[in-house]
Participant: 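Got a structure for you, questions after.
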Amino acid sequence: MKRIKIKELLQSPRIDTEIMVKGWVRTKRGNKNIAFIALNDGSTINNIQIVADLSLFDEALLKDITTGACIAVKGTLVKSQGQGQNVEVVASSIELYGKSDAETFPLQKKGHSMEFLREIAYLRPRTNTFGAVLRMRHALAYAIHKYFNDKGFFYLHTPIITGSDAEGAGEMFHVTTFNLSNVPMDKSGAPDFSQDFFGKPTNLTVSGQMEGELGALALGDIYTFGPTFRAENSNTPRHLAEFWMIEPEMAFYDLSDNMDLAEDFIKYLIRYALENCMDDLEFLNNMIDKGLLDRLRFVVDNEFVRTTYTDAIKILVESGKKWEYPIGWGRDLQAEHERYLVEEHFRKPVILVDYPKEIKAFYMKLNDDGKTVRAMDVLFPGIGEIIGGSQREENYEKLLARIRELKLSENDYWWYLETRKFGTAPHSGFGLGFERLLLFMTGMSNIRDVIPFPRTPKNAEF
RNA sequence: UCCUCAGUAGCUCAGUUGGUUAGAGCGGCGGACUGUUAAUCCGUAGGUCGUAAGUUCGAGCCUUACCUGGGGAGCCA
């Protein structure tokens, strides 16, 4: 007999048919005559109730059916006599695949703290919460590919190992095959990378944007979706050393087109989740964050506010509030400022544009005022900046001038500059941190709990 | 990296001005119960109080250092 997934079983239950389900025991209750087993196979957050008449089964077998054990059950699907579920399986035979010693199995029927579950990351996908989060993570990854594919974007695979310093965006992990206790040195006493695997210093990528731009200037619209790495000693609920990033890059898009895409993209993803992940969203709404569904619907139903950095500064000054960090034109906005704009002043997602060039990256297109660049940050309630992007500087001379102004190495960017020599074009793009998106979409509060195996300073277990 | 709070049973926690033998709930184990829903009821085992040093007649409690974790900040996505 072929196994049926619990999700399918519950979606279109065929009463009085013989079926077989396989999964892991969540709970077992009952008395001397009858046992009720809540079985979950990961296909859905919902369990199927297995009813076992104790007189039909070996006592030793039933004793081994404990929380966490894996079993295969054949039986008849019937309407449930009890409250709490519509259908249940009256078992005719049970096969035990894997025992789960009750004294040492760490998961209980009751809830655990997120901190404890993080220590048993090899088992936490068996919990309702992590099952829901991981199913949503999959659904949104799929929705991202579907969104871009349907719009004619091409998925570009940018390198994980790079020889360039990208935009100087933070500390990088070195990639080397050197024996670290015996590194070859050159005459000046520095490591001699000409003897290393790639013949030069290499790192794990911090962004696929620059390679993405090359793709956009050939294929039109591209996106990347892959792992990125930051070796910064950031110990916060919003940072990972290894995280996944989505970076679309579009030829012929100006900043306004870029904003339109970013807003449409995020709303599409939320709508996709509301239409396809409701079981998991309802669970998360009940158990993790009571405001989750309202907040998701609110974002879908409202236009994002678009305003300039300069106007935002004005609003912050005129608010009359006392700030821990000073406000002033030319200073970057701190978390407290962004939160005020999003959560108190506008009470909506906000897109800020036209930042001072001094506080943004060299590749952003200079505005006519000569002081600001065509940058955009999308700010969300709770998590702050969820998207950062810009129109890119496509003019060779201006780009080169910025690189020199900031005393960056021209050699490092030679290939990036070449694209501005041969058929340059206006283009734009943005980056979205996948786990930050998941924080918003699931209501989880720590980024370590929306990725299966988090990598953070001092933590690379599993 | 900085600030701050915490670390006591498998889990979540309580533990009085420093004082004899460190407690509870849940979970586990044993038992009861004719359909349970985080079942219920009775019983029971389970501890190097994060690590190291110090103060003291005496430390879970006070001091110092370190380790680990939470929250906030910076950097950022």
Participant: Between the base of B:C75 and the side chain of A:S234, is one N or O donor paired with an acceptor at under 3.5 angstrom?
Facilitator: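 In this structure, the two groups form a donor-acceptor pair.
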Participant: Does A:K32 have a side-chain nitrogen or oxygen under 4.0 Å from the phosphate oxygens OP1 or OP2 of B:U36?
Facilitator: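 No, A:K32 has no side-chain N/O under 4.0 Å of OP1/OP2 on B:U36.
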Participant: Answer yes or no: does a side-chain N or O of A:Q108 lie under 4.0 Å from OP1 or OP2 of B:U12?
Facilitator: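 It does not, given that no N or O in the side chain of A:Q108 lies less than 4.0 Å from OP1 or OP2 of B:U12.
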Participant: Should B:G7 form a Watson-Crick or G-U wobble pair with both distances under 3.5 Å, which nucleotide is its partner?
Facilitator: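 Partner of B:G7: B:C67.
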Participant: On the ring face of A:F440, is A:R295 found with NZ or CZ under 6.0 Å from the centre and within 45° of the axis?
Facilitator: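 Geometry flag: set, cation within 6.0 Å and 45°.
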Participant: Report yes if a donor N or O on one partner sits less than 3.5 Å from an acceptor N or O on the other, where the partners are the side chain of A:Q83 and the base of B:G35; otherwise report no.
Facilitator: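 When only heavy-atom distances are counted, A:Q83 does not reach the base of B:G35 through any donor-acceptor pair under 3.5 Å.
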Participant: Please confirm whether the shortest side-chain N or O distance from A:K458 to OP1 or OP2 of B:U68 is below 4.0 Å.
Facilitator: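 Result: no.
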Participant: At under 4.0 Å, does any side-chain N or O of A:N446 touch on OP1 or OP2 of B:G71?
Facilitator: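 Yes, such a contact exists.
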Participant: Partner of B:C57 by Watson-Crick or G-U wobble geometry, both contacts under 3.5 Å, or none?
Facilitator: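 Base partner found: B:G19.
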Participant: If you go through the side-chain atoms of A:Q81, does one of them form a donor-acceptor pair with the base of B:G35 closer than 3.5 Å?
Facilitator: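 Per atom types, the contact qualifies.
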Participant: Is there, by distance only and without an angle test, a donor paired with an acceptor across the side chain of A:H239 and the base of B:C76 below 3.5 Å?
Facilitator: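 Pair found.
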Participant: Assign A:T228 to base, sugar-phosphate, or nothing according to its heavy-atom contacts below 4.0 angstrom with the strands shown.
Facilitator: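 Nothing: the residue A:T228, judged by heavy atoms under 4.0 Å, touches no strand.
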Participant: For A:R29 and B:U36, is the shortest distance between a side-chain N/O and OP1 or OP2 below 4.0 Å?
Facilitator: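 Result: no.
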Participant: Verify ring-ring contact (aromatic ring centres under 6.0 Å, His included) between A:F265 and A:Y147, making sure each step is shown before the conclusion.
Facilitator: CA-CA 7 Å; A:F265 176 51; A:Y147 176 83; 5.1 Å; yes
